[in-house]
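Being a predicted model, the structure only gives us computed values, none of them experimental.
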Amino acid sequence: MATRDPLDFDVGVEEDEDGAPSPSSPLSYFERDRHVAFFGMLYDLMPYHYQSQEINRLTLAFFTISGLHLLKALDRVDKDRVASWVLSFRAHPINQAELKNGQFYGFHGSRMSQFPPDENGVSVCNAGHLASTYCALAILKTVGFNILTIDKESILISMRNLQQPDGSFMPVHLGAETDLRFVYCAAAICFMLEDWSGMDREKTKDYILNCQSYDGGFGLMPGLESHGGGTYCAVASLRLMGYIEDDLLSKNATSSIINVPLLLDWCMQRQAIDGGFQGRANKSSDTCYAFWVGAVLRILGGYKFIDKIALRGFLLTCQSEFGGFSKYPRELPDLYHSYYGCTAFSLLEEPGLNPLCAELGMTDLAALGIL
Amino acid sequence: MESSEEDGGVPLSRMAEWRDVTPLRQDDGPNPVVPITYKEEFRETMDYFRAIYKADERSPRALRLTRRAIHLNPGNYTVWHFRRLVLEALNTDLDEELDFIQRIANSNSKNYQLWHHRRWVIERLGSNARSKELHLIKSILSLDAKNYHAWSHRQWVLQALGGWEDELDYCRQLLEQDIFNNSAWNQRYFVVTRSPFLGGLPAMRASEVRYSVEAIVVNPNNECPWRYLRGLYKDDIESLVNDREILSICLKVINTKSDYIFALKMLLDLLCYGFQPSQELRDAVVALWTSDTRPLDADLATAICDILEHVDSLRASYWIWRKNKLRIAA
């Protein structure tokens with residue numbers, strides 16, 4: 001079997017007559033300024049192509065703001081303005097009794113699910129959403145707002161309404177799929193609010209464990225194929241909840257609740273011959289899995305095992321000359337892959353980026369001395 | 001009977017039937033972040049939707065409006081939820097609703113809300129909907145055999161409504177088309193472990209081992225059957241280590257001296273679990289080592305780690321670490 005030469009990459013920049021790089025070849029280094037411009041442009045105005053994502057507006061805001069922060073470019077952002085805008089998405093109960101009505105008094109994701117109260121002050125419908133709440137809290141922390149000053153009790157008490165008998169979470173009381181993504185959001189919210197009364201932790205843990213597949217990875221629901229995103233949600237949640245300790249592998253610790261060797265081996269096999277990470281066995285490498293799977297490895301203490309040069313090479317083929325990253329090499333960038341491309345470069349410890357908190361998928365504010 | 005084709009493109013403000021409704025503008029508040037430059041059709045549709053939603057009007061025109069809104073933003077769970085309320089209020093024919101969802105699915109097969117809505121409809125139709133549903137999912141999988149949502153929905157249908165009888169054969173068909181399809185392997189595991197007709201994993205294990213081995217023979221570099229083999233034993237390590245078929249296939253692949261990485265990995269795991277290798281197996285591994293400068297380590301597990309470090313060099317650091325762990329364990 002031929003040994004792959006780690007230097008066998010075409011990351012050279014071809015030059016045209018004027019000495020400018022030709023657009024068809026990948027740029028050979030992380031183009032921080034172009035990414036800052038990309039996030040900054042979308043922060044100011046998003047083209048209509050994103051209109052179908054209006055319902056997740058707060059998530060879009062999270063990607064731009066947290067992206068800028070990772071790139072150490074948050075000075076472009078008016079922090080107070082952002083904080084008040086985010087806070088305006090908060091769902092407020094009229095009284096304590098409302099907290100048991102099944103609705104979730106977190107944050108809306110968009111004005112599309114948020115309606116002003118009627119003439120009698122009764123809210124039409126409150127559709128606080130777990131993912132939006134995670135994004136809201138993450139944005140607030142990023143811009144320096146102390147989230148412990150908000151009314152966290154109503155978030156945590158009403159969050160319990162969303163937990164299902166099997167331990168999973170529905171993201172919004174209106175009815176939606178329940179899977180590990182929202183378990184993760186719930187765990188991240190409790191972690192950020194420093195209060196676990198929002199969930200039955202044992203039940204949550206049991207649901208997560210039921211999602212571990214026969215091959216060591218985690219599916220998004222029990223029985224489903226192991227998947228990079230599902231595996232991240234599972235492992236990050238368990239870490240946030242304190243069920244697995246930090247950097248397990250370096251401490252030669254064994255976890256009693258998940259099969260770590262099998263998980264580690266599954267994660268390691270996700271790095272493909274092109275250097276990128278795939279989300280599932282025998283699928284194409286995709287930028288975002290450099291974060292989803294990379295972060296799992298970081299949490300376990302196994303990130304040091306990957307081939308960083310190969311990964312970097314792949315990610316650079318997904319880097320766009322317009323700024324941002326695409327899903328696959330040499331395609332147009334989108335906000336989601338741009339954000340996770342940057343988080344992936346932070347995991348690679350690219351100079352000029354802030355360090356990453358792998359469990360929260362954003363800048364490690366604690367490491368920067370910001371709590 | 002809805003026909004969005006009639007509505008398509010015509011502004012609602014110019015339609016007589018909407019004259020009595022005052023559209024409700026989105027209040028973005030001062031200084032919104034990530035403002036989106038909505039197209040006019042989108043903005044207008046959602047303004048009318050807001051008005052109807054706030055008034056809680058559950059009428060046929062409201063139903064048509066939700067269809068229009070869904071076409072424009074199929075991810076909007078508020079719209080889907082309201083559509084469900086209207087469907088219930090109007091006691092609409094849910095079979096027609098399935099047709100509607102199917103048309104949307106053609107261009108949105110990876111949309112979570114769509115699949116959730118479908119589940120809601122199926123729950124109301126009950127087991128009569130089962131075979132039609134399994135058939136629909138098959139047609140979606142025929143376009144993309146790895147569509148995660150389709151697989152998730154399929155597992156839900158099987159568990160909620162049954163239909164397990166043909167599922168193992170369906171997996172076999174998919175794997176015949178593409179033996180590398182990990183979704184199909186996963187579904188196979190799902191069926192083998194959960195189908196009420198097959199007797200569970202212990203009863204199925206021997207035949208599934210044979211099936212996996214056949215797949216390995218054809219493509220030893222396919223990760224799926226190797227993982228599947230390991231999965232067939234779950235926590236029953238003793239049985240795993242004693243399975244002669246697994247040892248046999250490892251030896252067979254290693255002897256071909258090509259595409260042997262997964263075979264070596266399996267052998268390494270077996271050794272870590274306490275397997276005692278035969279001389280034949282040792283000789284086969286030694287035959288892979290082509291270095292003149294350095295002899296292979298006497299300990300077989302260490303030797304395998306050294307080989308993997310070179311032939312699976314993308315994961316070289318990992319193999320070095322595993323080798324070091326062997327020393328700690330010893």
Please step through side chain to side chain contact (heavy atoms under 4.5 Å, CB included) for the pair Tyr112(B) and Arg181(A), ending with a clear verdict. CA-CA 12 Å; Tyr112(B) 285 97; Arg181(A) 292 175 299 151; 3.2 Å; yes

List the atom of Leu174(A), the atom of Arg84(B), and the distance in Å for their closest heavy-atom pair. O-NH2, 4.2 Å

If you look at every heavy atom in Trp85(A) and Val34(B), which pair is closest and at what distance? CH2-CG2, 4.4 Å

Report yes if the side chains of Met112(A) and Arg50(B) come closer than 4.5 Å at any heavy-atom pair, otherwise no. yes

Rounded distance (nearest 0.5 Å) linking atom CD1 of Ile306(A) with atom OH of Tyr318(B): 14.0 Å

So, the side chain of Thr37(B) versus the backbone of Met46(A): is there a donor-acceptor pair under 3.5 Å, distance only? yes

Pick one of side chain, backbone, both or neither for Asp178(B), based on which atoms fall under 4.5 Å of a heavy atom in chain A. neither

Proximity breakdown for Arg280(A) and chain B, heavy-atom pairs closer than 4.5 Å: side chain

Residue part contacting chain B, namely of Gln269(A), when any heavy atom lies under 4.5 Å: both

Could you state the interatomic distance from NE2 (His81(B)) to NE2 (His173(A)), rounded to the nearest 0.5 Å? 6.0 Å

Where does Ile65(A) contact chain B at under 4.5 Å (heavy atoms): side chain, backbone, both or neither? side chain

Counting heavy-atom pairs under 4.5 Å to chain A, which of Gln26(B), Arg194(B), Lys39(B) comes out on top? Lys39(B)

Top contributor to chain B interface from Gly302(A), Ser52(A), Gly223(A) [non-hydrogen pairs under 4.5 Å]: Gly223(A)

Which answer fits Tyr233(B), side chain, backbone, both or neither, if we ask what part of it has an atom under 4.5 Å from a heavy atom of chain A? neither

Treating Arg111(A) as the side-chain partner and Arg25(B) as the backbone partner, does any N or O pair qualify as donor plus acceptor under 3.5 Å? no

Shortest non-hydrogen contact between Leu314(B) and Asp307(A), atoms and distance: O-CB, 3.4 Å

If you tally heavy-atom pairs under 4.5 Å between each of His49(A), Arg270(A), Gln53(A), Lys304(A) and chain B, the highest tally belongs to Arg270(A)

Proximal component of Phe190(B), with respect to chain A [non-hydrogen, under 4.5 Å]: side chain

Given heavy-atom pairs under 4.5 angstrom as the criterion, report whether the side chain, backbone, both or neither of Ser84(A) touches chain B. neither

Do the side chain of Tyr228(B) and the main chain of Tyr214(A) share a donor and acceptor less than 3.5 angstrom apart? no

Heaviest contributor of heavy-atom pairs below 4.5 Å to chain A, chosen from Thr78(B), Asn76(B), Asp312(B), Asn73(B), is Asn76(B)

Ignoring hydrogens, what is the shortest heavy-atom contact between Pro35(B) and Arg57(A)? Give both atom names and the distance. CA-NH2, 3.4 Å

Closest non-hydrogen atoms of Glu223(B) and Gln278(A), given as atom of the first, atom of the second and distance, are OE1-OE1, 4.4 Å

Chain B contact via Leu42(A) - which portion, at a heavy-atom distance below 4.5 Å: backbone

Is there a donor-acceptor pair closer than 3.5 Å between any side-chain N or O of Arg315(B) and the backbone N or O of Phe305(A)? no

Assess whether side chain to side chain contact (heavy atoms under 4.5 Å, CB included) is satisfied between Gln113(B) and Glu177(A), documenting all intermediate values. CA-CA 8 Å; Gln113(B) 286 70 37; Glu177(A) 66 288 2; 4.2 Å; yes

Sort Thr64(A) into side chain, backbone, both or neither according to what part of it lies under 4.5 angstrom from a heavy atom of chain B. side chain

Within 45° cone and under 6.0 Å: Arg43(B) NZ/CZ vs Tyr48(A) ring: no

Let me know if Trp80(B) has heavy atoms under 4.5 Å from chain A in its side chain, its backbone, both or neither. neither

Checking Lys146(B) side chain against Asn282(A) main chain: does a donor-acceptor pair fall under 3.5 Å? yes

What one should report as the nearest heavy-atom pair of Leu249(A) and Trp321(B) is CD2-CH2, 3.9 Å

May I ask you to test the Ser152(B)-Met221(A) pair for a side-chain heavy-atom distance under 4.5 Å? yes

Among Val33(B), Leu24(B), Asn181(B), residue most engaged with chain A (heavy-atom pairs, under 4.5 Å): Val33(B)

Are more than 12 heavy atoms, taken from residues, nucleotides or ligands other than Asp166(A), located less than 6.0 Å from that residue's CG atom? yes

Verify the distance criterion only: is there a donor paired with an acceptor across the side chains of Glu225(A) and Asn182(B) at less than 3.5 Å? yes

Side chain from CB out, backbone as N, CA, C, O: work out which of these in Asp265(A) comes under 4.5 Å of a heavy atom of chain B, or both, or neither. both

To the nearest 0.5 Å, how far apart are CG in Leu224(A) and CH2 in Trp151(B)? 11.0 Å

